[in-house]
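Predicted, not measured: the structure shown is a model, and the values here were computed from it. One is the number of the first residue; the rest follow in order along the sequence.
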Amino acid sequence: VNNHLGSSNICENVCLFLADIVRGSEKNVGLLCSLDGRATVAKVRIRWPDDGGVQREVRRLSELIVDQAIQAWAYE
């Protein structure tokens with residue numbers, strides 16, 4: 001994503017694909033976070049603030065990250 005911040009379509013699709021990859025997998029969410037995925041999501045959110053499609057996928061991915069973090073915390 002960092003190499004393609006100039007394309008809203010690529011950013012939107014990558015966030016969609018990442019959401020599909022991490023959905024329901026605490027391990028994949030942890031891997032995404034350890035690879036600085038949260039910062040990448042923030043960069044996309046900031047770069048395309050007025051693009052509804054990008055923002056929708058950023059929110060979806062962010063919610064999955066937060067949901068998995070809360071679930072992991074609840075089981076500890």
Side-chain angles (χ1 to χ4, degrees):
V1 172
N2 290 327
N3 295 330
H4 301 286
L5 284 173
S7 172
S8 65
N9 289 335
I10 291 175
C11 290
E12 179 180 352
N13 287 326
V14 168
C15 287
L16 174 67
F17 296 140
L18 285 172
D20 286 342
I21 290 169
V22 301
R23 184 174 288 110
S25 174
E26 183 179 331
K27 180 180 176 182
N28 287 346
V29 169
L31 183 59
L32 177 66
C33 292
S34 72
L35 295 173
D36 211 18
R38 292 174 293 193
T40 299
V41 172
K43 287 178 190 177
V44 171
R45 182 183 58 81
I46 291 167
R47 176 66 176 92
W48 298 102
D50 299 324
D51 189 309
V54 172
Q55 293 301 315
R56 179 184 62 244
E57 298 308 327
V58 165
R59 279 191 303 277
R60 182 178 295 158
L61 182 55
S62 298
E63 288 170 1
L64 288 169
I65 292 170
V66 170
D67 287 348
Q68 287 296 322
I70 289 171
Q71 288 177 12
W73 174 77
Y75 289 116
E76 289 180 357

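Between the SG atom in Cys11 and the CZ atom in Arg45 there is a gap of 13.5 Å [rounded to 0.5 Å]. If you take CZ on Arg60 and CG on Leu16, they are separated by 6.5 Å, rounding to the nearest 0.5 Å. Annotation: the span from Thr40 atom OG1 to Leu32 atom CG amounts to 8.0 Å, rounded to 0.5 Å.
When all heavy atoms of Ile21 and Asn28 are compared, the closest pair comes out as O-ND2, 3.1 Å. Nearest approach of Glu57 to Cys15, heavy atoms of both residues: CB-CB, 3.7 Å.
Applying the salt bridge (Lys or Arg N to Asp or Glu O under 4.0 Å) test to residues at least two apart or on different chains, the pairs with a partner in residues 9-19 are Glu12-Arg56.
For Trp48 (side chain) and Asn9 (main-chain N/O), no donor-acceptor pair under 3.5 Å exists by modelled atom type.
Residues forming a side chain to side chain contact (heavy atoms under 4.5 Å, CB included) with Val41 (at least two apart in sequence, or on another chain): Val58, Leu61, Ser62.
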Intermediate values then yes/no, side chain to side chain contact (heavy atoms under 4.5 Å, CB included), Val29 and Leu64: CA-CA 8 Å; Val29 169; Leu64 288 169; 5.6 Å; no

